Amino acid sequence: MARIPTGVFLSLLLLAVIGLAFGSRDLPGDFLRLPSEALKFFRGGASDASDEDSVGTRWAVLIAGSNGYWNYRHQADICHAYQLLRKNGLKDENIIVFMYDDIAFNPENPRPGVIINHPKGSDVYHGVPKDYTGEDVNVNNFFAAILGNRTALTGGSGKVVDSGPNDHIFIYYSDHGGPGVLGMPTYPYIYADDLNEVLKKKHAAGSYKSLVFYLEACESGSIFEGLLPEGLNIYTTTASNAYESSWGTYCPGDYPGPPPEYDTCLGDLYSVAWLEDSDNHNLKTESLRQQYELVKKRTLSDQYAYGSHVMQYGDLKLNKNALFSYLGTDPANENNTFVEENSLRPATKFTNQRDADLVHFWEKFRKAPEGSLTKVEAQKKFVEAMSHRAHIDNSVMLVGKLLFGIKEGPEVLEAVRPTGRPVVDDWDCLRNMVRSFEARCGSLSQYGMKHMRSFANICNAGISKEQMAEASAQACVSVPPGPWSSLHKGFTA
């Protein structure tokens with residue numbers, strides 16, 4: 001028998017390995033489009049999930065949890081995510097979009113009908129489905145869409161995640177948050193225990209193979225900390241840990257900042273990091289873990305003065321999976337190999353999520369001509385926002401002192417539980433404490449969510465609903481009538 005030269009033998013062996021790697025891929029033509037993919041078998045790149053995608057469907061739920069032009073960035077993030085998924089091959093029927101839709105044609109928008117997510121970015125609003133807008137962006141519809149429960153919907157397009165056991169689900173949320181809670185443009189807000197129960201129900205229904213959740217919000221780690229168990233085939237990353245803020249980017253005064261005609265933040269730091277990374281990489285060869293590491297580096301400044309700690313929770317073994325399984329991939333990027341060094345350099349300055357509205361109001365005031373109605377209105381909104389903050393901060397602090405004493409009060413309210421424990425043990429108690437406070441002191445609103453840990457600590461200390469009601473009544477003589485008042489919008493819990 002003729003002997004095969006060693007070089008020829010190795011070449012044939014490599015071709016055989018590549019053939020196995022690509023045997024189940026749906027590639028046009030009988031040829032290799034990306035030789036570098038074969039190298040992941042030797043270099044430890046993303047795991048090959050193509051066999052899963054040959055039988056399963058990718059589903060996505062995108063939700064912006066805010067409204068108001070000063071929150072421009074959240075809807076910009078969501079619209080960018082939609083454009084990414086469509087470009088990567090997902091179908092409209094499998095992408096569900098929740099956004100209030102009050103930004104693109106807002107009178108303050110300098111480019112009517114256009115939303116951008118980068119200072120030099122193109123329009124990300126065009127073609128975005130309006131599945132759930134306005135008052136239909138609510139907790140009930142969000143949960144119903146995830147669970148595939150059409151009968152529970154109250155408005156909207158009726159689109160839900162009608163997934164099967166071989167499908168992959170991607171959920172992305174962008175908005176404000178607080179310890180154990182996520183904001184919504186309508187009340188009530190999303191509480192962490194409810195969200196985790198929905199995820200458990202989705203798993204119990206056997207209606208997905210794996211689920212990935214990207215979460216942009218302040219204290220977003222608290223949504224899963226001590227609450228999301230392993231074994232659900234769910235992998236999550238969050239913009240921050242359980243006790244720090246997340247950050248806006250491309251804001252007035254930042255570098256880089258928005259175009260000069262804009263007076264609001266264009267994006268959020270964590271969100272822009274994963275979106276821009278996905279825009280530029282071949283997602284067949286990049287894993288969830290690799291993206292997590294890049295996003296983590298970009299989201300935390302080397303100076304530690306700005307930025308947050310990106311976290312991961314749930315079934316971490318899923319992070320070896322290719323992003324392709326959840327986000328698809330852009331054919332134009334198929335020859336782009338993954339590099340560990342982050343080519344997307346972080347900004348040198350960004351804006352705390354909770355201060356982005358003040359930045360907007362101040363920028364409007366600064367730019368407006370002296371004596372103009374625009375300047376007067378901007379000043380009014382700035383003063384209202386500051387007054388609301390002062391009222392909420394002072395009221396919560398006074399409640400703490402009334403319940404625990406002048407010295408002990410602040411210590412109890414500010415206490416942080418050890419890593420691995422949820423922010424509160426009794427979630428119904430937390431809701432009752434918030435309702436009791438808001439009934440007498442007004443709505444917490446997006447800013448007041450920062451105090452959710454204080455209410456949780458009041459519950460953990462064993463304070464009764466009646467004691468809380470009495471302390472709140474003493475702290476607040478009346479409910480303020482401002483634009484964030486519970487008199488107008490109801491209760492966040």
Side-chain angles (χ1 to χ4, degrees), residues 60-87 95-134 137 171-177 182-185 214-218 220 239 246-254 256-280 295 298-299 327 344 347 350-357 359-360 363-364 446:
V61 181
L62 312 175
I63 177 167
S66 68
N67 59 356
Y69 189 75
W70 51 89
N71 287 320
Y72 180 109
R73 62 198 180 280
H74 301 134
Q75 292 183 51
D77 294 338
I78 293 303
C79 290
H80 186 170
Y82 168 79
Q83 301 297 345
L84 171 75
L85 295 175
R86 285 293 289 133
K87 184 173 58 178
I95 305 173
I96 304 167
V97 179
F98 287 79
M99 65 175 185
Y100 205 81
D101 197 28
D102 61 339
I103 299 301
F105 293 98
N106 193 293
E108 293 189 60
N109 188 3
R111 302 180 191 176
V114 171
I115 294 178
I116 59 175
N117 197 219
H118 184 277
K120 297 180 180 179
S122 58
D123 178 26
V124 294
Y125 179 72
H126 179 73
V128 176
K130 298 182 179 182
D131 293 311
Y132 299 91
T133 61
V137 183
I171 302 174
Y172 168 48
Y173 171 99
S174 179
D175 184 35
H176 294 279
L182 298 173
M184 290 290 274
Y214 279 18
L215 179 54
E216 170 77 67
C218 293
S220 46
S246 62
W247 295 73
T249 191
Y250 305 142
C251 303
D254 290 0
E261 66 269 26
Y262 284 83
D263 47 37
T264 187
C265 301
L266 302 182
D268 291 289
L269 187 58
Y270 160 87
S271 294
V272 162
W274 80 259
L275 285 163
E276 292 183 2
D277 175 67
S278 299
D279 281 333
N280 288 280
V295 170
R298 186 175 178 184
T299 305
L327 307 180
L344 301 169
F350 359 100
T351 298
N352 190 301
Q353 271 256 42
R354 291 203 172 94
D355 294 334
D357 58 340
V359 169
H360 167 68
E363 192 70 4
K364 291 279 290 185
Q446 64 186 39

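These figures come from a predicted structure and were not determined experimentally.
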Non-hydrogen atoms of Y100 and P185 that approach each other most closely: CD1-CB, 3.5 Å
Could you measure the distance from the OG atom of S174 to the OH atom of Y214? Nearest 0.5 Å is fine. 14.0 Å
Y69 OH to D357 CG distance, which is reported to the nearest 0.5 Å: 14.5 Å
Flag, side chain of Y132 to backbone of I96, donor-acceptor distance under 3.5 Å: no
Between the OH atom in Y173 and the CD1 atom in I63, the distance rounded to the nearest 0.5 Å is 6.5 Å
State, yes or no, whether a side-chain contact exists between V295 and Y270 at a heavy-atom distance under 4.5 Å. yes
Return the CD1 to OG distance between I78 and S66, rounded to the nearest 0.5 Å. 9.5 Å
Could you tell me if the side chain of C265 sits less than 4.5 Å from the side chain of P258, heavy atoms only? no
Where does the angle between the aromatic ring planes of W70 and H360 fall among parallel (under 30°), tilted (30 to 60°) and perpendicular (over 60°)? tilted
Within a strict 4.5 Å, meaning less than it, do heavy atoms of the M99 and V128 side chains meet? yes
What one should report as the nearest heavy-atom pair of G267 and V272 is CA-CG2, 4.0 Å
For a quick test of reading the model, state the closest non-hydrogen atom pair linking A239 to T299 and the distance between them. O-CG2, 4.2 Å
Closest heavy-atom contact between A217 and S246? C-OG, 3.2 Å
Any heavy-atom pair between the side chains of L266 and P259 that's under 4.5 Å? yes
Which pairs count as salt bridge (charged side-chain N to carboxylate O under 4.0 Å, His left out) when at least one residue sits in residues 95-109, sequence neighbours excluded? D101-K130, E108-K364
Please report the interatomic distance CG(L269) to CD(E216), rounded to the nearest 0.5 Å. 7.5 Å
Residue pairs, two or more places apart or on separate chains, that pass salt bridge (charged side-chain N to carboxylate O under 4.0 Å, His left out) and touch residues 72-83: R73-D268
Test item: Y262 and N109 side chains (from C-beta on) under 4.5 Å apart, heavy atoms: yes
Could you walk me through whether N71 and Q446 pass the side chain to side chain donor-acceptor pair (under 3.5 Å) check? CA-CA 11 Å; N71 287 320; Q446 64 186 39; 3.1 Å; yes
Rounded to the nearest 0.5 Å, what separation is found between the CH2 atom of W247 and the CG atom of D254? 9.5 Å
Under 3.5 Å, is there a donor-acceptor pair between the side chain of D123 and the main chain of I115? yes
